[in-house]
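Report on one structure; see the data block that follows.
Naming convention: chains lettered A, B, ... in sequence-line order (proteins, then strands); numbering from 1 in each chain.
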Amino acid sequence: MKDAYFPQEIEKKWQKIWEEKGAFKTPDSSDKPKYYALSMFPYPSGKLHMGHVRNYTITDVIARFKKMNGYNVLHPMGWDSFGLPAENAAMKHGANPETWTDENIAYMTKQLKMLGLSYDWDREVTTCKPDYYKWTQWLFLQLYKKGLAYKKEAAVNWCEECGTVLANEQVIDGKCWRCDHVVEKKYLSQWFLKITDYAEVLLEDLDKLPGWSDNVKTMQANWIGKSQGAILKFKVVEKDLEVPVYTTRPDTVHGITYLVVAPEYKDIDKLTTPENKEAVEAYRANARKMTEIERLSTDRVKTGVPLGTHCINPYTGEKFPLWTADYALVEYGTGAVMAVPAHDTRDFDFAKKYNLPLKVVIQDPNSPSDCKNEAYTEPGVLVNSNEFDGMNNEDAKKAITQKAVNGGFGEFKTQYRLRDWLVSRQRYWGAPIPVVYCEKCGIQPVPEDQLPVLLPKDVDFSVVGKSPITTSKTFMNTTCPCCGGPAKRETDTMDTFVCSSWYYLRYSDAKNDKMPFAKDKVNKWLPVDQYVGGIEHAILHLLYSRFFTKALRDLGLLDFDEPFKNLLTQGMVLKDGSKMSKSKGNTVDPDEIFENYGADTARLFILSDSPPARDFDWSDAGVEGCYKFLNRVWRLISSNEEFIGLSYPELGCGSLKKKENDNLLRLVHIAIKGITNDISNDFQFNTVISKYRELVNAIYDWRSKKSDLDEEDKIVFSFAVVTLIKLMSPVAVHLTEEAWHELGGETSIHDVEWPKWNDNLAKASSITLVVQINGKVKDKIEADEALSEEELKQLALSSEKVKELIEGKTIVKTIVVPKKLVNIVVK
RNA sequence: GCCCUGGUGGCGGAAUCGGUAGACGCGUCGGACUUAAAAUCCGGUUGGAGUUAAAUCCAGUGCCAGUUCAAGUCUGGCCCAGGGCACCA
């Protein structure tokens, strides 16, 4: 074996051998239980960044660990390759998005292979290839037939910079998720997927996901935004009209003093008197001009204007005025709000500004408030509420809504914040939505045997203000599949998140050309046992994928409810305390690390300093330290005259004569146990790596105290080193493979069984008894672990230190924790 | 405002059940080897008091209380940081 560690050389060598042997191919049928380990697939942006390295290393170690533990592991990779950057690059360089994407995929594939990741490349999926997007289109048509895809005119989010509409989930603080440009509202006819049909089950089934962290589940629950309340209808005095409102506080209905409708409310014209028309029009025009950000800002002073009309409160017979104000949102509830200034802070602020009256109807019986200074929003007892007086407000919610139900002017209502998913994009580089428009027959789905609807090649990417796809001479005009007459193709393409909502299913059967996937294969491999990716998809991709799985289940295409059984959201990779980014100039190029230190160092380091879920601060010194550590391991193996090879006798309890050898044997078993538990328990790779180091330190320490090794020494040394490289093999994949073969291994180390520990050996031969006086440590005594409680107590009391310290004091009591500690309480 | 996560040395972070706080690493200081350097190996490194040196003592896991023989860990109240949601009626 060579003296020096040349990672570049051995890494290249083994990557080639693994590839030639097809070392990581996953058979569909096997006696072993299945395990599906998955990383979120990347957008082929050009080069891997450290976030990718962290993500894929974590998943790779999990996959390898599971394989060594007897699982048939599916660990695939692919490309989320539709999307705007390719199109922007095409416009900028005059290239084709496809060429740009293909080049990036080729380069990044090379990088992934250099990282030594154990992918089954036969199952690679690329969402921009016709053999994939054919099935994206096919699935869209199934959803369409089921009524889950529909087209409607609606106020939608428009990003001028990207030249397309966006889904609600893609608007972050009123800005585009991709380019940060402020998003505007536009009225357009667009395609939607009916995710709202699944709002309740998407919320409920979060409880079926104990393997997801609470923060992701809470984020999804908040996004779905379920609330329980009532719809109450109010008759308009001046017109033959009703205004329904949604409220979660029907208990406060006797305290209504006015009613607000959103500026975009559908009946607002009818509700406005001629005298108020001018002011209302002006107010609405102003509201339209405001951006979402301005309008939704909570610290903005509320404004509004009266409409001049009035409603009747069916509970009290009181008459109250109608207003319009932009704090009412047209897209939530009914677009109208009953205002109870005494018990709602927003209504209170508004009423105060416009001098509207206030009526207290809920009170804390112990400290009644007149609500003159602030709204009372806590629970309480009803007052000024006729027959409901004295009732607890929670009971009153039900009773008051029931009265509306009985009287025909209201109903119980569950409301969600989740809106339908807008999936049309006015861009070229996406899967074409497979429908055509016929003047006679209207919207017609493209027949399945005509799929895929291919992206045209004859397009001009330099056009501004419209989708490049519309410049194609061959694409637009087609014939109607229904009547055979002339028809126009849909020119919108699908949101890339549609493509990524089902890719994890395709891996189970990536080459199927009859179906997106065979049902038996998808049912066999799914759900994903461990999914790993960034927290930025907590809502977007993860919510859409859950929806897709449930919708496809209802279409009969698969038989499970949730796609991802366990989810690990890895933290960001930071440098100098902030996120690595090109604009900050604090990025570290993975290629450089591979070149200078090798992939094993990169893998070891990216796992070493922080638990996976936490942010990771990159440090050059840390990389250096990991490289030195691998060299230290290497030197251990290259001093190989002391090895007796891979076949040595089984080492059980009491099999070794020398105490230091028995001790080393125990340390190895402690390491196996600790490392196995740390990986099994939330993938705590940082402590796994510290345990590698502890074991290596122990072996060095043992070796430094010996000159020549006798037979027993060689056996225990070989056992320690061989076990070490097995334990390290999921992380330092190349170094351990090289070492394994040097020591005489014939198969790959990645196919060997994970080491097992012996509980009798995975502990020290004696215990350290901690002696406390009044809870403070005063002495430590080496003791036999077989000692009884009484013996431990006597041992503690016999300590010279203890004798000295309890001199002249009274022992109140003594607590003995077996095998661990004695606490003597004295006065 | 509501929800989630976290707060431990100079730094990243350890610490199944409440039972030795600071594993392991980085940095740093000192030593060995070397003509020298690199590499490597060994040792110190929470703060304070104390000592020629040691022994030793005291304090210490964001803050304030509490439970307990014993609290980083449990309970109550607060403070701070990061993230999410937000005129959602």
Just jot down the side-chain contact (heavy atoms from CB on, under 4.5 Å) partners of [X], sequence neighbours excluded, or say none.
X	value
A:K780	A:T768, A:V777
A:K706	A:K658, A:E660, A:N661, A:W702, A:R703, A:L709, A:D713
A:K776	A:K778

[N] phosphate, OP1 or OP2: any side-chain N/O from [X] under 4.0 angstrom?
X	N	answer
A:R632	B:C41	yes
A:Q684	B:A15	yes
A:Y692	B:C24	no
A:R635	B:C41	yes
A:K813	B:U68	no

| Integer-rounded Å distance: B:G27 C1' and A:D620 CG | 14 Å

| task | Specify the separation, in whole Å, of atom CZ of A:F685 and atom P of B:A14. | result | 14 Å

| From B:A23, B:G27, B:A89, pick the nucleotide closest to the side chain of A:E694? | B:A23

| Which of the following nucleotides, B:A21, B:U56, B:A39, is nearest to the side chain of A:K628? | B:A39

Quote, to the nearest angstrom, the [atom1] distance that separates [N] from [M].
N	M	atom1	answer
B:C58	B:G1	C1'	45 Å
B:U73	B:G6	C1'	15 Å
B:G9	B:A15	C1'	15 Å
B:G13	B:U8	P	9 Å
B:A65	B:C11	P	26 Å
B:C26	B:A21	P	26 Å
B:U16	B:G12	C1'	23 Å
B:C41	B:C24	P	15 Å

| Between CG on residue A:N631 and SG on residue A:C626, distance to nearest 0.5 Å | 11.5 Å

| message | As an exercise, state the distance from OH of A:Y327 to NZ of A:K302, rounded to the nearest 0.5 Å. | response | 7.5 Å

| request: For side chain to side chain contact (heavy atoms under 4.5 Å, CB included), just list the numbers for A:E789 and A:K793, CA-CA rounded to whole Å, side-chain angles, deciding distance to a tenth of an Å, and then say yes or no. | output: CA-CA 6 Å; A:E789 287 195 23; A:K793 186 175 162 182; over 6 Å; no

| request: Could I get the full list of side-chain hydrogen bond (donor to acceptor under 3.5 Å, both in side chains) partners for A:S766, not counting sequence neighbours? | output: A:E782

Base, sugar-phosphate, or nothing: which does [X] touch, judged by heavy atoms less than 4.0 Å apart?
X	answer
A:S227	sugar-phosphate
A:S619	nothing
A:R417	base

| said: Check this for me: does the side-chain of A:N215 come within 3.5 Å of the base of B:C4 through a donor and an acceptor? | reply: no

| message | Only Watson-Crick and G-U wobble pairs with both distances less than 3.5 Å should count. Give RNA chain B in dot-bracket notation, marking inter-strand partners with |. | response | (((((((..(((......[....)))((((((.......))))))((((......))))..(((((..]....))))))))))))....

Give me, pair by pair, the N or O atoms of the protein and of nucleotides 81-84 of chain B that are less than 3.5 Å apart, along with how far apart they are.
none

